[in-house]
Protein chains: 2
Amino acid sequence: MRLSGGVETALHCCVVLTAAAEPVPAARLAELHGVSATYLAKQLQALSRARLVQSVQGKAGGYVLTRPPEEIKVLDVVEAVDGAAPTFVCTEIRQRGPLAAPPEACAAPCAIKRTMIAADQAWRAVLREVSVADLARMVGQGYDTDVMGSVGAWLAAGA
Amino acid sequence: MRLSGGVETALHCCVVLTAAAEPVPAARLAELHGVSATYLAKQLQALSRARLVQSVQGKAGGYVLTRPPEEIKVLDVVEAVDGAAPTFVCTEIRQRGPLAAPPEACAAPCAIKRTMIAADQAWRAVLREVSVADLARMVGQGYDTDVMGSVGAWLAAGA
DNA sequence: GTTAGTTTACTCGGATATATCGTGTCCGAGTCTATTGGG
DNA sequence: CCCAATAGACTCGGACACGATATATCCGAGTAAACTAAC
């Protein structure tokens with residue numbers, strides 16, 4: 001039950017893109033975060049497939065958020081990178097073995113399945129409540145310097 | 001972000017053990033659930049290491065719950081089988097790259113880490129609220145026959 | 001009939017192969033920009 | 001001076017190896033019960 005490591009970098013990228021007015025290439029994002037450029041490209045492609053970011057090709061191309069950051073929830077990013085599959089897959093053990101339950105009984109999910117689904121939904125609910133804009137706002141707290149401003153300036157500087 | 005498949009079988013085993021007064025061998029539990037006996041043994045060993053079940057050796061040996069089922073939470077079983085590690089591991093990306101934050105700034109976890117931890121705790125909270133006794137109680141609902149009673153009888157019959 | 005010893009058969013426990021998925025990487029297709037030549 | 005065509009360089013996108021983790025399995029160590037034989 002470990003979340004894919006790419007989720008962290010993807011979230012950081014989304015926050016950074018909040019501070020950028022122009023498209024930001026994947027290589028630039030990789031340089032800023034100090035991670036492998038080729039691997040980060042994979043996560044950005046996932047975000048692109050999920051329509052969270054839009055890719056702009058050509059010389060001054062890169063990635064841009066498709067929506068205002070308030071409308072991009074953390075859950076969207078997590079599901080885009082890690083997959084939207086439920087955390088618990090029920091193999092319907094009830095239907096196996098000598099005391100197998102009749103198939104029609106599984107129309108209503110069993111107690112175990114219901115519990116796991118409830119936990120899964122609670123987890124998703126928290127991630128759905130926080131948006132990328134919220135993250136960007138929280139990032140700046142507790143620092144003397146304006147972090148998001150520095151990032152924006154660094155992106156604009158082009159070096 | 002997928003939960004280990006062994007969690008489901010482990011939970012079913014715990015529920016079944018609720019209906020058994022005598023130790024139940026791993027092979028018997030495997031037969032009842034129609035799963036591989038050798039692999040199920042692995043999950044039971046995990047439960048044993050976590051002190052959720054106690055192994056009784058010898059001819060009439062097997063596994064028994066160490067506590068009343070009300071005191072065994074679903075979270076205990078999940079953490080025993082799948083591991084208690086947090087779902088999100090923060091690699092402290094802030095400390096990398098050209099705009100690296102000072103290490104002392106990471107004393108307080110960043111916004112992303114806080115969000116993921118909150119979601120993780122919400123997930124665990126749900127699993128902590130449900131006990132194995134609750135599961136056993138819910139299992140019987142919606143059936144004409146007394147499922148738990150049938151399981152207990154099958155275990156006592158010895159065939 | 002009781003009891004001690006021995007045998008037996010059954011149990012769990014950890015160490016061992018295999019499959020699947022996540023991690024990390026590479027090269028090709030597409031497109032916008034800048035240049036350059038002509039009108 | 002303006003425009004169009006061309007060349008260039010930079011971008012993303014999907015396809016390709018590698019490693020780690022989860023899955024599935026095996027055999028050995030230990031123990032309680034059952035049996036046997038002697039008392």
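Note on naming: letters A, B, ... go to the chains in the order of the sequence lines (proteins, then strands), and numbering restarts at 1 for each one. Treat the numbers as computed from the prediction; the structure is a model and nothing was measured.
- Side-chain N/O atoms of Arg49(B) include none lying less than 4.0 angstrom from OP1 or OP2 on dG13(C).
- Residues of residues 71-85 of chain A that place a heavy atom closer than 4.0 Å to DNA chain C do not occur.
- Side-chain N/O atoms of Arg28(A) include none lying less than 4.0 angstrom from OP1 or OP2 on dT11(D).
- Between Leu40(B) and Cys13(B) there is a side-chain heavy-atom pair separated by less than 4.5 Å.
- Residue contacts for Ala27(A): at a heavy-atom cut-off of 4.0 Å it reaches no nucleic acid atom on any strand shown.
- For Met1(B) and dT20(C), the CE to P distance is 23 Å, given to the nearest whole Å.
- Considering only side-chain N and O atoms, Ser48(B) lies under 4.0 angstrom from the phosphate OP1 or OP2 of dG13(C).
- By the side-chain hydrogen bond (donor to acceptor under 3.5 Å, both in side chains) test, Thr38(A) pairs with Ser36(A), sequence neighbours left out.
- Contact check for Val15(A) versus Met148(A): side-chain heavy atoms found under the 4.5 Å cut-off.
- For residues 118-135 of chain A, the pairs satisfying salt bridge (Lys or Arg N to Asp or Glu O under 4.0 Å) are Glu79(A)-Arg124(A), Asp120(A)-Arg124(A), Asp134(A)-Arg137(A), with sequence neighbours left out.
- The stretch residues 52-64 of chain A touches DNA chain D through Ser55(A), Gln57(A), Gly58(A), Lys59(A), Gly62(A), Tyr63(A), each having a heavy atom within less than 4.0 Å of the strand.
- Taking a 4.0 Å limit (strictly below) on heavy-atom distances, residues 6-13 of chain B does not reach DNA chain C anywhere.
- Note: Thr87(B) OG1 to Trp123(B) CH2 = 7.5 Å, rounded to the nearest 0.5 Å.
- Among residue pairs with one or both ends in residues 38-57 of chain B, none qualify as salt bridge (Lys or Arg N to Asp or Glu O under 4.0 Å); sequence neighbours excluded.
- Sorted by first and then second residue, the side chain to side chain donor-acceptor pair (under 3.5 Å) pairs with a member in residues 107-116 of chain A form an empty list; sequence neighbours excluded.
- In the hydrophobic clustering, where aliphatic and aromatic side chains (Ile, Leu, Val, Met, Phe, Trp, Tyr) are joined below 4.5 Å either directly or transitively, Val89(B) stands alone.
- Taking the side chain as every heavy atom from C-beta outward, Leu65(A) and Ile72(A) approach each other to under 4.5 Å.
- In this structure, CZ of Arg2(B) is placed 12 Å from C1' of dG22(C), rounded to the nearest angstrom.
- Residues from residues 34-47 of chain B that place a heavy atom under 4.0 Å from any atom of DNA chain D, listed by number: Ser36(B), Thr38(B), Tyr39(B), Lys42(B).
- Cluster partners of Val64(B), using a side-chain heavy-atom cutoff of under 4.5 Å among ILVMFWY residues and allowing indirect links, are Val56(B).
- With sequence neighbours excluded, no residue satisfies side-chain hydrogen bond (donor to acceptor under 3.5 Å, both in side chains) with Ser150(B).
- Taking atom CD of residue Glu22(B) and atom P of nucleotide dA33(D), one finds them 11 Å apart after rounding to whole Å.
- For residues 31-89 of chain B, every residue pair satisfying the ring pair (Phe, Tyr, Trp, His ring centres under 6.0 Å) rule, not counting sequence neighbours, is listed here: His12(B)-His33(B).
- Residues Val7(B) and Leu11(B) are in side-chain contact: their nearest non-hydrogen atoms beyond the backbone lie under 4.5 Å apart.
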